[in-house]
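One structure is given here, and the rest of the page talks about it.
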Number of protein chains: 2
Amino acid sequence: MLDIPCPHDDQRRDERTVTDTAPGTASRTPTRRYGTRPTMKDVAARAGVGLKTVSRVVNGEPGVTPDTERRVQEAITALGFRRNDSARILRKGRTASIGLVLEDLADPFYGPLSRAVEEVARAHGALLINGSSAEDPEREQELVLALCARRVDGLVIIPAGHDHRYLAPEMAAGVATVFVDRPAGRVDADAVLSDSFGGSRDAVAHLIAHGHRRIGFLGDLPGIHTAAERLRGYHAAMSEAGLPVHDAWVSLGPTDPERVRAAATAMLNAAEPVTALFAGNNRVTVTVVRVLAERPAPAAPVALVGFDDFELADLLSPGVTVIAQDSAQLGRTAADLLFRRLDGAGGEPRRLVLPTRLIPRGSGELPPPADPTP
Amino acid sequence: MLDIPCPHDDQRRDERTVTDTAPGTASRTPTRRYGTRPTMKDVAARAGVGLKTVSRVVNGEPGVTPDTERRVQEAITALGFRRNDSARILRKGRTASIGLVLEDLADPFYGPLSRAVEEVARAHGALLINGSSAEDPEREQELVLALCARRVDGLVIIPAGHDHRYLAPEMAAGVATVFVDRPAGRVDADAVLSDSFGGSRDAVAHLIAHGHRRIGFLGDLPGIHTAAERLRGYHAAMSEAGLPVHDAWVSLGPTDPERVRAAATAMLNAAEPVTALFAGNNRVTVTVVRVLAERPAPAAPVALVGFDDFELADLLSPGVTVIAQDSAQLGRTAADLLFRRLDGAGGEPRRLVLPTRLIPRGSGELPPPADPTP
DNA sequence: ACCGGCACTGACAACGTTGTCCAGCGGCTA
DNA sequence: TAGCCGCTGGACAACGTTGTCAGTGCCGGT
């Protein structure tokens with residue numbers, strides 16, 4: 001099917017590892033039909049006890065003589081028995097697993113979030129099943145419903161779509177659901193958000209405080225909640241400072257480098273160019289940094305503030321001023337809330353908003369060029 | 001239990017969203033006992049058909065009258081029925097899910113890898129269950145066995161430990177297993193690796209070609225396979241060039257910034273300081289970049305090559321020369337191999353080694369200071 | 001009008017586990 | 001020594017689904 005590139009297949013440069021790998025493997029493998037696993041019944045037969053006794057031993061329930069327990073344990077290791085959790089889940093009704101649906105695991109923003117959710121899940125003895133929606137509402141729904149079919153106990157969702165009514169039956173059936181980063185659409189559910197509006201207002205106010213009047217905003221697709229909120233924060237800061245907003249200063253759309261590059265260049269090359277840029281998320285920020293770095297050094301460098309912190313932002317020159325949101329904290333908070341719900345916490349759906357933090361590093365503190373019309 | 005920080009709880013700044021969220025939710029929720037889901041039996045009763053007919057409709061099997069199918073579909077939507085995959089799995093034996101165990105999802109190296117594995121799984125109709133081992137062998141084993149208990153069809157493992165004999169019974173029982181980034185220990189299994197040895201040799205040869213003779217190596221814990229391989233590559237390049245290696249030029253250990261910082265500083269401040277550094281992975285590289293940035297500008301800047309590419313490496317000044325390995329390709333290759341095994345591909349365990357690529361960006365091309373002993 | 005055959009439907013067992021309940025057996029007390 | 005109590009162990013049903021197989025009704029052909 002797919003062609004595996006394999007330039008050095010089996011070259012086995014590392015003889016040491018290969019050598020101590022070989023011996024002792026086959027001999028340890030218990031003799032058993034390939035692909036068929038032993039069940040408790042097999043263990044019971046081998047240990048000469050009843051089925052339930054094996055169950056008791058496996059689950060550490062009381063009421064088993066030490067001697068019997070030993071016999072059962074021996075049978076278990078001899079057969080290589082491992083409890084079938086599918087059957088257990090079917091019987092018990094709880095799966096001890098939660099689902100996480102996010103946009104893209106490869107995005108550095110979601111890695112820590114995912115990890116934080118996993119840590120909380122682990123603390124509650126649950127496994128994490130996750131999937132990427134690739135920002136596609138249909139794929140999100142498909143994934144969420146697949147997870148529901150697996151009977152996950154709860155869901156943490158970073159929504160791609162805007163209509164989550166399809167979740168209503170699931171939620172009614174007891175699947176705890178927490179939305180993160182963006183709120184649910186057309187359904188009443190818990191949500192944990194960053195303060196996109198406030199953070200953006202802070203960012204733009206910061207630029208204004210450093211003397212900028214023509215500030216560009218490069219944001220994500222306007223349909224995305226955080227993008228809309230950040231745009232709102234931008235407008236709020238501008239209007240609070242009594243500054244006009246020119247249409248050409250705002251560009252919303254996909255965050256692929258080409259579009260962002262074009263939009264930023266247009267703003268910078270306009271007749272009345274912007275003197276500062278506010279980038280709506282980390283992908284945009286990185287592209288803008290590249291654009292600015294490629295431009296011939298202007299008289300006054302363009303100021304920049306980005307939403308989302310990113311690694312090495314402090315090592316660039318100048319360091320990039322950002323609005324930091326703690327994605328791990330976002331995940332942790334959401335997962336905590338989820339397990340609180342699973343433990344029976346009732347009440348109205350809550351909306352938690354986590355604060356953002358402005359980290360000045362230089363790029364946001366650059367002054368605009370001397371104004372020809374003072 | 002855990003205290004949720006919630007500075008703006010329910011402040012509901014965004015009235016628009018709240019408004020269009022509220023209506024229409026409760027009325028759509030079907031009347032049903034909370035926490036109990038309808039089963040095929042319920043659907044069959046409501047539709048006035050037999051159990052198996054519902055099963056047929058749900059699975060799109062032929063042999064159902066359009067009229068009957070319609071009745072069943074109506075009952076399904078009316079009740080909010082969703083097939084219980086736990087029961088399905090128990091019955092069918094295959095779970096259509098694979099497990100991924102890696103070190104840390106928050107590490108930028110593993111994000112793309114994880115995403116690639118997920119994409120392949122998705123293409124095969126499988127879900128991905130993942131867990132982080134946090135580089136702890138016990139936790140790795142615990143996770144892997146939990147996944148086996150879930151009867152995942154296959155496993156992709158980035159091993160933390162060195163003894164995977166505990167997997168032998170599982171593999172014998174038919175759980176396909178592919179190791180990534182590092183080979184399995186004491187068990188014969190498929191592995192997909194990057195060419196750590198070759199890449200490191202290239203890196204160090206590159207530095208040597210630019211005139212360096214005293215080159216430091218900052219690596220990960222020597223127990224980690226890739227770290228050992230990279231060290232071996234370092235030694236190979238040095239000895240191929242006829243250069244001696246001073247003990248003080250090699251430092252292996254945890255990659256926390258403090259240790260790396262201390263080790264790098266020691267090498268740079270020694271009586272005969274190194275003129276170039278080779279960093280054994282991306283975390284180390286970043287710390288070294290910081291260390292070098294903080295030092296007062298020396299007569300000749302210290303050269304640097306890092307193993308693993310990282311975002312923005314090209315935007316630093318100078319750009320950081322790296323040995324790039326394609327972590328997504330690593331994941332894709334491993335997942336492809338896994339599904340090939342699941343589709344019945346037999347044969348000896350394979351070891352695939354993917355090539356690395358040297359990307360010169362400036363930091364590795366810096367010449368050493370003029371040599372006082374020519 | 002009868003019969004064979006076909007298309008559709010449904011009863012039932014099984015997957016592997018856990019909860020319920022009862023039987024057996026030991027020791028302890030009267 | 002007999003009776004009772006408590007503890008251990010096992011038989012059985014149930015979880016919700018799918019595969020097997022048999023049964024039903026209807027159609028067309030003769």
Side-chain angles (χ1 to χ4, degrees), chain A residues 32-33 35-73 75-76 79-96 146 148-153 173-174, chain B residues 32-33 35-73 75-76 79-96 146 148-153 173-174:
Chain A
R32 202 163 8 80
R33 314 171 293 298
T36 301
R37 306 212 52 149
T39 73
M40 285 193 176
K41 212 164 150 185
D42 301 326
V43 175
R46 167 138 188 165
V49 301
L51 192 52
K52 188 64 223 273
T53 301
V54 177
S55 172
R56 272 194 271 261
V57 171
V58 169
N59 293 294
E61 291 170 21
V64 181
T65 327
D67 180 63
T68 309
E69 170 161 4
R70 193 185 43 73
R71 283 215 317 284
V72 172
Q73 285 292 6
I76 287 177
L79 294 174
F81 166 80
R82 178 128 11 246
R83 180 178 63 195
N84 184 330
D85 271 354
S86 292
R88 171 172 230 257
I89 286 165
L90 175 60
R91 187 64 231 265
K92 304 203 73 148
R94 281 245 157 159
T95 58
C148 288
R150 292 277 167 129
R151 296 292 188 271
V152 291
D153 297 334
Chain B
R32 200 160 13 77
R33 312 171 294 299
T36 301
R37 304 211 54 148
T39 73
M40 284 193 176
K41 211 164 151 186
D42 301 326
V43 174
R46 167 138 189 165
V49 301
L51 192 53
K52 189 61 223 274
T53 300
V54 178
S55 171
R56 271 192 272 262
V57 171
V58 169
N59 293 294
E61 290 172 22
V64 180
T65 325
D67 180 64
T68 310
E69 171 160 3
R70 193 186 42 71
R71 284 215 318 284
V72 172
Q73 285 292 7
I76 286 177
L79 294 173
F81 167 79
R82 178 130 9 250
R83 180 179 63 196
N84 185 329
D85 271 356
S86 292
R88 171 170 230 257
I89 286 165
L90 175 60
R91 186 65 230 267
K92 304 203 72 145
R94 279 247 159 155
T95 59
C148 288
R150 292 279 167 127
R151 295 293 187 270
V152 291
D153 296 335

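Every chain is numbered from 1 and lettered A, B, ... according to where its sequence line falls, protein lines coming before strand lines.
Considering every non-hydrogen atom in both T39(B) and F81(B), the closest pair reads C-CE1, 3.7 Å. Taking both residues in full, the closest heavy atoms of R56(B) and V64(B) are given as CB-CG2, 3.8 Å, listed atom of the first, atom of the second, then distance. Looking at every heavy atom in both residues, I89(B) comes nearest to R94(B) through CG1-O, 3.9 Å.
Each of dT9(C), dT17(D), dG16(C) was ranked by its minimum atom distance to the side chain of R83(B); first place goes to dT17(D). Ranking dT9(C), dG16(C), dG10(D) by closeness to the T65(B) side chain, first place goes to dT9(C). Taking the side chain of T39(A) as heavy atoms from C-beta on, and the options dT17(C), dG10(D), dT17(D), the nearest nucleotide is dT17(C). In this structure, the nucleotide among dG9(D), dC15(C), dT17(D) sitting nearest to the side chain of L90(B) is dC15(C).
Distance, R37(A) CZ to dG16(C) P: 11 Å, rounded to whole Å. When the P atom of dC15(C) is taken as reference, atom NZ of K41(A) falls 6 Å away, rounded to whole Å. Rounded to a whole Å, the CG atom of N84(A) is 9 Å from the C1' atom of dC15(C). dT17(C) atom P lies 9 Å from atom CG of D85(A), rounded to whole Å. Whole-Å rounding puts the R150(B) CZ to dT17(C) C1' distance at 14 Å. Atom P of nucleotide dA7(C) and atom CG of D67(B) are separated by 18 Å, given to the nearest angstrom. Residue M40(A) contributes atom CE, which lies 20 Å from atom P of dA14(C) at whole-angstrom precision. Taking atom CG on L51(B) and atom C1' on dA14(C), their separation rounds to 13 Å, with Å as the unit.
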Polar atom pairs (N or O), protein with nucleotides 19-23 of chain D, under 3.5 Å:
from	atom 1	to	atom 2	distance (Å)
dG19(D)	OP1	K92(B)	NZ	3.4
dG19(D)	N7	K52(B)	NZ	3.3

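For the pair T68(A) and dG9(D), the criterion of a side-chain N or O lying under 4.0 Å from OP1 or OP2 is met.
Under the 3.5 Å distance criterion, the side-chain polar atoms of T95(A) are matched with a main-chain donor or acceptor of R151(A). Remark: the backbone N or O of E61(A) is not paired with any side-chain donor or acceptor of N59(A) at under 3.5 angstrom. When atom types are taken as modelled, the side chain of R71(B) and the backbone of A47(B) share a donor-acceptor pair closer than 3.5 angstrom.
Residue contacts shown for V58(A) are absent, as no nucleic acid heavy atom lies under 4.0 Å away. Using a 4.0 Å heavy-atom cutoff across all strands shown, N59(B) reaches sugar-phosphate atoms only and no base atom.
If you take CZ on R88(A) and CG on N84(A), they are separated by 11.0 Å, rounding to the nearest 0.5 Å.
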